[in-house]
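Here the structure is a predicted model, which means the values were calculated and not measured. Order of the sequence lines fixes the chain letters, A, B, ..., with proteins taken first and strands second; residue numbering starts at 1 for each chain.
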There are 2 protein chains.
Amino acid sequence: MVGIDDVAAAAGVSTATVSRALRGLPRVSPATRSKILATANELGYVPSSAASRLASGKTRTVGVLAPYVDRWFFGKAIAGVDHELHGRGYNLSLFNLGGRSAPRERLFSRAMVHKQIDALLLLCMYLHPEEIEDLHAIDMPLVVVGGPVEGIATVGIDDYRAAKTITEHLIHLGHRHIALLHGSDDLELNFSVPKIRVEGFHDAVHEAGLELGPDAVFFGNFTVASGVEAMRRFMALPEPRPTAMVCASDEMALGVLFEARRQGLRVPEDFSVVGIDGHEIGASAGLTTVWQDPTAQARRGTRMLLAELAGEAGAVHSEMAEQRLIVRETTAAPPAF
Amino acid sequence: MVGIDDVAAAAGVSTATVSRALRGLPRVSPATRSKILATANELGYVPSSAASRLASGKTRTVGVLAPYVDRWFFGKAIAGVDHELHGRGYNLSLFNLGGRSAPRERLFSRAMVHKQIDALLLLCMYLHPEEIEDLHAIDMPLVVVGGPVEGIATVGIDDYRAAKTITEHLIHLGHRHIALLHGSDDLELNFSVPKIRVEGFHDAVHEAGLELGPDAVFFGNFTVASGVEAMRRFMALPEPRPTAMVCASDEMALGVLFEARRQGLRVPEDFSVVGIDGHEIGASAGLTTVWQDPTAQARRGTRMLLAELAGEAGAVHSEMAEQRLIVRETTAAPPAF
DNA sequence: TTGAAAGCGCTAACAC
DNA sequence: GTGTTAGCGCTTTCAA
């Protein structure tokens, strides 16, 4: 295995010079630099990351903690992180918490995360109070993407406004009796996001002077299947039923849409459905939604982390992400309107 | 920062003994071991991975190369790798190739992959001939999940049989004029998978003594949107049109399904659609498909890698994964039947 | 069963 | 602009 001193010897310089030259540091003459580059290339030299980590104390790796990797928001976000990292020579170390909060270890203080990464990007998830404590204790740049965590810099949309916007869209269309399908609190995927979205929904309804029957609230777990399930329960309701449903995610909305049509409801003529997210499949299915871009959010968060690592103190800070109402084909005025 | 010799000093033993004790190696008396464990814990000792990597030459990290991370198959697979890795103390280093083949560097020989990982898991993707060469050159356990790569151990379904099975299902229902939507070859996502699936389709059609008009073949890029697009082109065909369509992925099939219904076709009464994959959204939409489990495939591949690293020579080998026809609600006999 | 000591292959002062 | 040198914090012979 060719090491740095092989290169040094071959180029007739010292290892220190090789190190500087290869890392693009100043204080190397152009001539020596190009010579070193050439011989390094010729010898097929690849620096040992282990050695440079040990010597420099930097890992050039950022950790990504996610509750799921095979769900829309998280997949999109991870793609964004990766995009920013690679190309700048940083590595991405992925830690999947597996969603369920109970059996997971206290990762933040464990060897896995600790000492293996220079910075940490957390994807929106439920956190135990003691985990949040651990989080505050780790001494490295840290940002969360997707939802607010107490006292930690966050990049994400305004969930309250998203829910309110989409609900108001329905109200403007003339709906007076609107159902809600939200992510259950006891499901550990999220934390405050579901709750905040529910508040936006409630406020929109109340500000319009409408009432919300307790039979109009359904629970799901953000999956399509849970949307289907919720719609089955909805159809079991005695008439007159709500004429529209607000879903806390596009995936659930899709399930609702499928099941509604399966049961013979015409959407949007008989029944309107909306989601939140901007899922591609929702787009193709014609789902009205509030769009957001998890990839862009993750890229923003990653760039903050990198800037902080580059010495730019205060680079990491909370920032609101873009969102947009997209009206498509699953919303219309209610039937009797 | 507490290091190994702090622990050694506190426990009254040598660093060598601490090292052995903490890694569970033999030749440490139970008494010393438990004492060391206790003091290490007490001191909050966390070994420096950089140092142990350098000293041992092992990174305890496996690399995952994927063309996309935000697509169904890949997200599921990455989740599977993660599941096997963490808990055994291994890390997962993710490399996203970004799908497009042209502008990507020759990663395999680059510093990123090289010397940073102990083993490599490749997710089904298109590879340039020279990349395959690089692959053969790297000296570490290697497995690909999702599709055959020349001369490399692979875990995945029999794509030929999947396509043939799903096509025969349609033929048995009475369809005589079947369209195909397959992943384009010039789209760099895949490599042989699209082609193999096409062959299975063709063979099923020909063995049934049916013909395949050239107007019956559509191209997509595995996305839902491309399914929608293909269906628009299909509807522009003069009648009589094919009575069913085989799609090379569930996502495309979903797009086809949405657009078919949008255009007023009744599915399955007027038109049948099938996919391949077992996507959850397809399940909720009632899509007939050939199911596969990317997570299980990735777990299998990861376990092989780990076994090989544990010294079990020959642990890495090609293996066929499970698949199953799932008939749901998008297939029926053709209209005039 | 345990300890001493020599690296692993770089980086970072500091001197020249 | 370049070289010398002392670590970085472990693992791993080899002795004891």
Side-chain angles (χ1 to χ4, degrees), chain A residues 1-40 43-61 89 91 111-112 114-118 309-311, chain B residues 1-37 39-40 43-61 89 91 111-112 114-118 309 311:
Chain A
M1 198 86 272
V2 30
I4 196 172
D5 14 50
D6 296 312
V7 178
V13 295
S14 71
T15 62
T17 306
V18 174
S19 178
R20 289 186 209 108
L22 260 26
R23 286 182 298 151
L25 296 185
R27 303 177 165 215
V28 179
S29 76
T32 4
R33 188 186 302 276
S34 66
K35 176 169 195 178
I36 290 173
L37 255 35
T39 62
L43 266 46
Y45 170 66
V46 177
S48 152
S49 67
S52 82
R53 283 177 187 214
L54 180 56
S56 70
K58 276 101 172 55
T59 64
R60 292 194 74 82
T61 297
N91 281 123
M112 299 198 120
H114 214 47
K115 293 192 175 176
Q116 310 242 60
I117 57 180
D118 293 339
L309 287 176
Chain B
M1 197 84 275
V2 30
I4 197 173
D5 15 48
D6 296 312
V7 179
V13 295
S14 72
T15 62
T17 306
V18 174
S19 179
R20 289 185 208 109
L22 259 27
R23 287 181 299 150
L25 297 185
R27 302 178 164 215
V28 180
S29 76
T32 356
R33 188 186 302 276
S34 66
K35 175 168 193 178
I36 290 173
L37 254 35
T39 62
L43 267 46
Y45 170 66
V46 177
S48 151
S49 67
S52 81
R53 284 178 186 211
L54 180 56
S56 70
K58 276 100 173 54
T59 64
R60 290 195 75 81
T61 297
N91 281 124
M112 299 199 119
H114 214 48
K115 290 193 177 174
Q116 309 241 61
I117 58 180
D118 293 338
L309 287 176

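- Annotation for B:R53 and A:Q116: closest pair NH2-OE1, 3.9 Å, computed over non-hydrogen atoms.
- A:K115 approaches B:M1 most closely through the heavy-atom pair CE-SD, 3.6 Å.
- Interatomic distance, OH of B:Y45 versus CG of B:L37, reported as 12.0 Å (0.5 Å rounding).
- When all heavy atoms are compared, the tightest approach of A:L54 to B:S48 is CD1-OG, 4.4 Å.
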Quiz item: If pairs are Watson-Crick or G-U with both distances under 3.5 Å, what is the dot-bracket string of DNA chain D, marking crossing pairs with [ ] and pairs to another strand with |?
Solution: ||||||||||||||||

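- Taking all atoms of both residues into account, the shortest heavy-atom contact from B:T15 to B:I4 is O-CD1, 3.7 Å.
- DNA chain D is contacted by B:S48, B:A51, B:S52, B:A55, B:S56 of residues 48-59 of chain B, taking any non-hydrogen atom closer than 4.0 Å.
- Taking only side-chain nitrogens and oxygens, A:T17 comes nearer than 4.0 Å to OP1 or OP2 of D:dG3.
- Applying the side-chain contact (heavy atoms from CB on, under 4.5 Å) rule to A:A16 yields the partners A:S14, A:R20; only residues at least two apart in sequence or on another chain are considered.
- Closest non-hydrogen pair, A:A21 versus A:I36, comes out as CB-CD1, 3.7 Å.
- Remark: B:S52 engages no residue in a side chain to side chain donor-acceptor pair (under 3.5 Å) (not counting sequence neighbours).
- With a heavy-atom cut-off of 4.0 Å to chain A, the contacted part of DNA chain C has its first and last nucleotide at C:dG9 to C:dA13.
- Expressed to the nearest 0.5 Å, how far CZ of B:R27 lies from OG1 of B:T17 amounts to 12.0 Å.
- Paired with A:D118 under the rule side chain to side chain donor-acceptor pair (under 3.5 Å), one option of A:T61, A:T59, A:N91 passes, and it is A:T59.
- Within residues 19-30 of chain A, the residues approached by DNA chain C to less than 4.0 Å at the level of any non-hydrogen atom are A:S19, A:R20, A:R23, in residue-number order.
- Closest non-hydrogen pair, B:L22 versus B:A40, comes out as CD1-CB, 4.3 Å.
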